[in-house]
Novice: 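A single structure is presented below for examination.
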Amino acid sequence: MKSKPGVFQRSLFGGESVPGQGTLFDGLTPVTDPGARRLPEQQETTGCKPDLGQELSRDLEAKAPAGDRFAGIDDLALLRQLVLKCRQCSLRQGARGVVFGEGNPEAEIMFVGEGPGKTEDEMGRPFVGRAGQLLDLMLKSHGFSREETFIANIVKCRPPGNRLPSPDEVQACLPNLMAQIRIIRPKIIVALGALASQTLINPGLRVTRDRGKWFEKDGISYLVTFHPAAVLRDERNKRRLIWEDFLSLKQKHAELCR
Ligand code: URA
């Protein structure tokens, strides 16, 4: 298998045990910040997204690249039905099913990981293994709920043995994710790890060098951070750094959306 230059060779899928690791949340101190949580009655009025209307539907259609198989689709439930039937690459053959992603169809923040791991493949949901538990904790600790965000992956089917998806598999699956982004129209996308950062923002990105940086593209603010599975391995103080990145996310979200 040929790999894309610069993409980390080690797969970052969750669901694997981490030898020599303490508890999942070692080194993480959850903070409670009630002020950062929106009250239910605020949720409809304080969002920063304009109403989806006719104007936008035309816009979405216009932005889908020529020949895009999802051009004109502006409903996430419909997209889901189509993506669940996807057979654009061979990953589907080795997986139990397609892990479409989940969350708020009007999310202001979207998280994008690499691809489903074993637990995700079994449950049909993204980030529900150990890496997902860490993501949930980071969200909660910074005043967000998982449900208010949308969580997806670069590839929607688990690669055999949790290997890194090949460039061909990424390209085959990308229209699925791009359609999700077009429909959800998040203000912020958090790229979790190298594959998401290099695929969505710039192939030259290095997570160790560029984590914590923000990039603007097509009206969306992108944040590069570590993949939670890499944080669980905690090489070089990643726990403290991802914590800082979530603080930055909280600040940016407050600037853009509150
Ligand atoms: N790792 C990922 O990249 N995505 C998941 O959904 C789970 C683990």
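On a predicted model such as this, the values are computed, not experimentally measured, just so you know. Order of listing sets the numbers, starting from 1, for every ligand and every atom in it.
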Novice: Under the side chain to side chain donor-acceptor pair (under 3.5 Å) rule, collect the residues that match up with E147, sequence neighbours excluded.
Specialist: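 Applying side chain to side chain donor-acceptor pair (under 3.5 Å) to E147 gives none.
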Novice: For ligand 1, which atoms, with element, lie under 4.0 Å from some heavy atom of G113?
Specialist: 3 (O)
Novice: Does G115 come within less than 4.0 Å of ligand 1, judged by its heavy atoms?
Specialist: yes
Novice: Would you mind listing which atoms of ligand 1 come within a distance below 4.0 Å of any non-hydrogen atom of E114?
Specialist: 2 (C), 3 (O)
Novice: Under 4.0 Å, heavy atoms only, figure out whether ligand 1 is touched by the backbone of E120, its side chain, both or neither.
Specialist: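 Under 4.0 Å from ligand 1, E120 contributes side-chain atoms alone.
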Novice: Could you check I109, T149, L134 and say which one makes a side-chain contact (heavy atoms from CB on, under 4.5 Å) with L139?
Specialist: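 Of I109, T149, L134, side-chain contact (heavy atoms from CB on, under 4.5 Å) with L139 is met by T149 alone.
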Novice: Relative to the heavy atoms of H227, which atoms of ligand 1 are at a distance of less than 4.0 Å?
Specialist: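 Within the 4.0 Å cut-off of H227, ligand 1 contributes 1 (N), 2 (C), 3 (O).
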Novice: Can you tell me if K156 and Q180 form a side-chain donor-acceptor pair at under 3.5 Å?
Specialist: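 The criterion, which ignores hydrogens and geometry beyond distance, is satisfied for Q180 and K156.
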Novice: Can a donor-acceptor pair be found between the side chains of W214 and S248 at a distance below 3.5 Å?
Specialist: yes
Novice: Go through the side-chain N and O atoms of E108 and H253 and say whether any donor and acceptor fall under 3.5 Å apart.
Specialist: yes
